[in-house]
Number of protein chains: 2
Amino acid sequence: MYSSELIKGTLKTIILKLLSDNDKMYGYEITHKVKELTGGKIQLTEGALYPTLHALEAQGILSTDVVNVGNRIRKYYSVTPNGKKVATEKVNEFSEFLDTMIFLLDLQPKLG
Amino acid sequence: MYSSELIKGTLKTIILKLLSDNDKMYGYEITHKVKELTGGKIQLTEGALYPTLHALEAQGILSTDVVNVGNRIRKYYSVTPNGKKVATEKVNEFSEFLDTMIFLLDLQPKLG
DNA sequence: AAAATATACATAATTTTCTTAGGTATATAA
DNA sequence: TTATATACCTAAGAAAATTATGTATATTTT
């Protein structure tokens with residue numbers, strides 16, 4: 001687990017990237033997908049996730065689809081057509097920011 | 001300029017990296033160095049910088065040396081022997097975090 | 001069958017970190 | 001002489017996260 005300090009400010013970007021690639025996901029699923037993809041190094045907390053999802057929906061970047069699974073509800077989120085631009089911009093901005101930090105801190109990133 | 005959201009959480013790492021490489025710098029100098037090195041893309045605000053420097057000093061990670069320059073004071077900060085470990089750890093942790101984010105967001109970082 | 005864990009949503013109080021806005025003072029350039 | 005640059009600092013407020021709960025159903029373990 002990284003110190004929470006580092007993860008600050010990346011939550012929206014992570015959410016928007018995952019939802020851009022997966023077309024619909026629900027909150028609980030997002031936390032588990034991120035944990036899985038990062039080998040447990042990034043664990044989103046629900047207290048941070050849900051308010052952010054609500055905010056993105058209120059801004060028209062995400063839309064929701066509530067589904068009943070047995071007797072439980074599940075709230076699927078998707079990126080709206082308008083939100084797609086925002087999602088791309090967020091990821092691009094983060095990418096540039098990373099380049100700047102790599103230069104500034106003189107890092108050698110591991111490439112896939 | 002990057003949205004301040006992205007820069008959140010990187011301030012300590014930036015300060016500690018610069019001071020690790022330069023052995024002593026003063027606050028005003030740090031802001032200008034970062035601005036110069038990033039082509040204006042990252043601009044530290046004094047309201048964030050000074051309290052952070054004070055906190056790092058209080059934690060024994062930085063030490064200070066106040067110098068008179070004409071009639072003005074200048075407060076030089078250096079990484080303490082103990083702080084060197086912390087500085088290295090911070091930069092290493094950020095480096096790993098970068099790798100994780102590059103993988104998670106499927107990015108192609110620009111290499112030096 | 002009972003207890004524990006997993007699924008799945010949510011909010012509210014507090015803490016952390018930063019922004020914004022201000023304050024003090026000297027030195028230099030226009 | 002007026003503006004900009006140098007150089008420090010703090011305090012109020014905003015933003016974003018953590019921590020701690022709360023509700024409820026489903027499944028697995030003992």
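Nothing here was measured: the structure is a model prediction, and the numbers come from that model. Chain letters run A, B, ... following the sequence lines, proteins first, then strands; residues in each count from 1.
Between K12(A) and N71(A), the residue anchored closer to the 5' end of DNA chain D is K12(A), taking for each the nucleotide with the nearest heavy atom.
Applying the salt bridge (charged side-chain N to carboxylate O under 4.0 Å, His left out) test to every pair with at least one member in residues 16-26 of chain B, sequence neighbours left out, gives these pairs: K17(B)-D21(B). Applying the ring-ring contact (aromatic ring centres under 6.0 Å, His included) test to residues at least two apart or on different chains, the pairs with a partner in residues 85-112 of chain A are F97(A)-Y2(B). Every pair tested for salt bridge (charged side-chain N to carboxylate O under 4.0 Å, His left out) that includes a residue from residues 55-83 of chain B fails, sequence neighbours excluded, so the list is empty.
Judged purely by atom type and a 3.5 angstrom limit, T80(A) has no side-chain atom pairing as donor or acceptor with the backbone of S63(A).
Listed pair T45(B) / dC18(C) fails the phosphate criterion, with no side-chain N or O lying under 4.0 Å from OP1 or OP2.
We find that CG of L6(B) is positioned 16 Å from C1' of dA17(D), with the value rounded to whole Å. Here dT17(C) presents its C1' atom at 13 Å from CG of L56(B), a figure rounded to the nearest Å. Look at CD on Q59(A): it is 13 Å from C1' on dA15(D), rounded to the nearest Å. One can place CD1 of I7(B) at 13 Å from P of dA16(D), the figure rounded to the nearest angstrom. Distance, L44(A) CG to dT19(D) C1': 16 Å, rounded to whole Å. We find that CD1 of I14(B) is positioned 13 Å from C1' of dC18(C), with the value rounded to whole Å. Going from atom CG of N68(B) over to atom C1' of dC8(D) covers 12 Å, rounded to whole Å. L49(B) places its CG atom 15 Å from the P atom of dT17(C), with the value rounded to the nearest Å.
Between D99(A) and P109(B), the shortest heavy-atom contact is OD1-CA, 3.5 Å.
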Checklist entry - What string of B, S and - do you get for nucleotides 5-12 of chain C 5' to 3' if you count protein non-hydrogen atoms under 4.0 Å? => result -SBBBBB-
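Contact annotation: the side chain of L56(B) never approaches that of V79(B) to less than 4.5 Å [non-hydrogen atoms, C-beta and beyond]. Taking the side chain as every heavy atom from C-beta outward, I14(A) and M101(B) approach each other to under 4.5 Å. Side-chain contact check for L19(B) versus L16(B): every heavy-atom pair is 4.5 Å or farther apart.
With sequence neighbours left out, the ring pair (Phe, Tyr, Trp, His ring centres under 6.0 Å) criterion links Y26(A) to Y76(A).
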Distances under 3.5 Å between protein N/O atoms and the N/O atoms of nucleotides 28-30 of chain C, please, pair by pair.
none

